[in-house]
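Just so you know, ligand 1 is whichever comes first in the structure, and atom 1 is the first atom listed for that ligand. This one's a predicted model, so the numbers in the text were calculated from it and none came from an experiment.
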Amino acid sequence: MNLLIMGPAGAGKGTFSEKLIENYDIRHISTGDMLRDQVSRKTELGLIAADYMNHGRLVPSEIVNKMVEVTLGGDECANGYLLDGYPRTIDQAKELEEITERIGRKIDAVLVLEVGIEILEQRITGRRICPKCGAIYHIKWKPTKVEGICDNCGAEVIQRKDDTLEELKVRMDEYYKNTEPVIGFYEERGLVHRIDASGSTEEIFKNIQEILKSIV
Ligand code: AMP
């Protein structure tokens, strides 16, 4: 099963990706996580990407496309993949279509998470992540058991540099301008499933599972 998960920052892409890979044997590919890894290791690519990312702007597509192509073609995606945070522009969507056709791993469904802006603001500004294992917390709704320390691996949790109201505004502008047209691109191909992602995690995930039953 080959899936895309889409939605603005704070819609729950990371949370539902975690649940999807727990429940289905598919590989999670988050371009944001891959880029953050490059930034924290201070690789050549990471040094270029950091400036864009810290200001909520999109990293140049050549960099991201290459990373995705290498990963999608690997053995770890033979059973399926879940792309999260990619494609974010029409050009990336076209590039992905070429890649998936070439390697014979076409997309089966596009899950689009929909949430109002007030909820997104609360989720984003309260979000904390573990830089070591990627676990996601929220200071109010899903706090760590010991303040500031990841429940899974004991590392110190952090606030992403772009998880501020100011950066959220830039990311939302990017989303409306560049990423919403991508949903239209997949709608034309009959692949889009829209999900109301403002309720409880359990409720939303149940809806996602119902959708997936119809495509596998
Ligand atoms: P995310 O974790 O998906 O919210 O991504 C965090 C940041 O990484 C974004 O704000 C962009 O700067 C960068 N990024 C992630 N995926 C892409 C992509 N497909 N194209 C360009 N930039 C990306």
Side-chain angles (χ1 to χ4, degrees), residues 3-18 20-21 27-43 45-72 81-100 107 110-115 117 119-121 123-138 157-183 185-186 197:
L3 303 174
L4 299 192
I5 189 160
M6 295 184 64
K13 297 189 297 291
T15 302
F16 293 107
S17 293
E18 262 179 35
L20 281 162
I21 52 165
R27 164 75 195 261
H28 181 210
I29 304 169
S30 154
T31 44
D33 285 351
M34 285 163 118
L35 288 166
R36 276 185 288 280
D37 176 55
Q38 298 279 343
V39 172
S40 71
R41 289 193 287 118
K42 297 194 167 63
T43 62
L45 193 156
L47 293 175
I48 302 171
D51 197 39
Y52 293 91
M53 295 175 74
N54 289 341
H55 296 97
R57 297 203 320 273
L58 293 184
V59 172
S61 288
E62 307 86 77
I63 293 180
V64 191
N65 290 343
K66 197 80 225 140
M67 280 185 347
V68 170
E69 179 165 15
V70 170
T71 314
L72 272 192
Y81 56 79
L82 170 66
L83 264 174
D84 161 9
Y86 182 93
R88 264 177 154 96
T89 65
I90 287 281
D91 282 349
Q92 290 182 4
K94 288 182 182 159
E95 177 73 19
L96 178 63
E97 195 163 60
E98 274 179 29
I99 297 171
T100 54
I107 297 159
V110 178
L111 307 174
V112 178
L113 303 175
E114 298 188 313
V115 189
I117 184 71
I119 297 182
L120 294 181
E121 284 178 2
R123 286 185 184 169
I124 284 291
T125 51
R127 176 159 74 178
R128 299 292 180 271
I129 60 161
C130 173
K132 202 165 156 213
C133 73
I136 305 166
Y137 300 94
H138 188 281
V157 298
I158 55 161
Q159 180 170 28
R160 276 170 48 172
K161 281 212 178 86
D162 56 351
D163 274 354
T164 61
L165 276 185
E166 205 184 2
E167 259 54 74
L168 176 63
K169 193 178 169 312
V170 182
R171 289 156 80 194
M172 290 306 291
D173 287 347
E174 286 279 14
Y175 185 79
Y176 291 127
K177 193 169 108 217
N178 291 309
T179 310
E180 277 220 329
V182 176
I183 301 173
F185 177 91
Y186 290 116

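With hydrogens and angles disregarded, no donor-acceptor distance shorter than 3.5 Å links the side chain of Arg171 to the backbone of Pro8. Counting only distance, with no hydrogens or angles, the side chain of Thr89 and the backbone of Asn178 share no donor-acceptor pair below 3.5 Å.
Of all non-hydrogen atoms in Asn65 and Ile99, the two that sit nearest each other are O-CD1, 4.3 Å. For the pair Thr43 and Gln38, the tightest heavy-atom approach, listed with the atom from each and the gap, is OG1-OE1, 2.6 Å. Of all heavy-atom pairs spanning Ile136 and Thr15, the tightest one is CD1-N, 3.8 Å.
For Asp37 and Arg41, the salt-bridge test passes: some basic side-chain N is under 4.0 Å from an acidic carboxylate O.
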Present, as a list of atom pairs with distances to 0.1 Å, all nitrogen or oxygen contacts under 3.5 Å between ligand 1 and the protein.
from, atom 1, to, atom 2, distance (Å)
ligand 1, 2 (O), Arg36, NH1, 3.0
ligand 1, 2 (O), Arg36, NH2, 2.9
ligand 1, 2 (O), Arg160, NH1, 3.4
ligand 1, 3 (O), Arg88, NH1, 3.1
ligand 1, 3 (O), Arg88, NH2, 3.1
ligand 1, 4 (O), Arg88, NH2, 3.3
ligand 1, 4 (O), Arg160, NH2, 3.2
ligand 1, 5 (O), Arg88, NH2, 3.4
ligand 1, 12 (O), Arg57, O, 2.5
ligand 1, 16 (N), Thr31, OG1, 2.8
ligand 1, 16 (N), Gly85, O, 3.3
ligand 1, 16 (N), Arg88, NH1, 2.9
ligand 1, 19 (N), Gly85, O, 2.9
ligand 1, 19 (N), Gln92, OE1, 3.0
ligand 1, 20 (N), Gln92, NE2, 3.0
ligand 1, 22 (N), Val59, N, 3.0

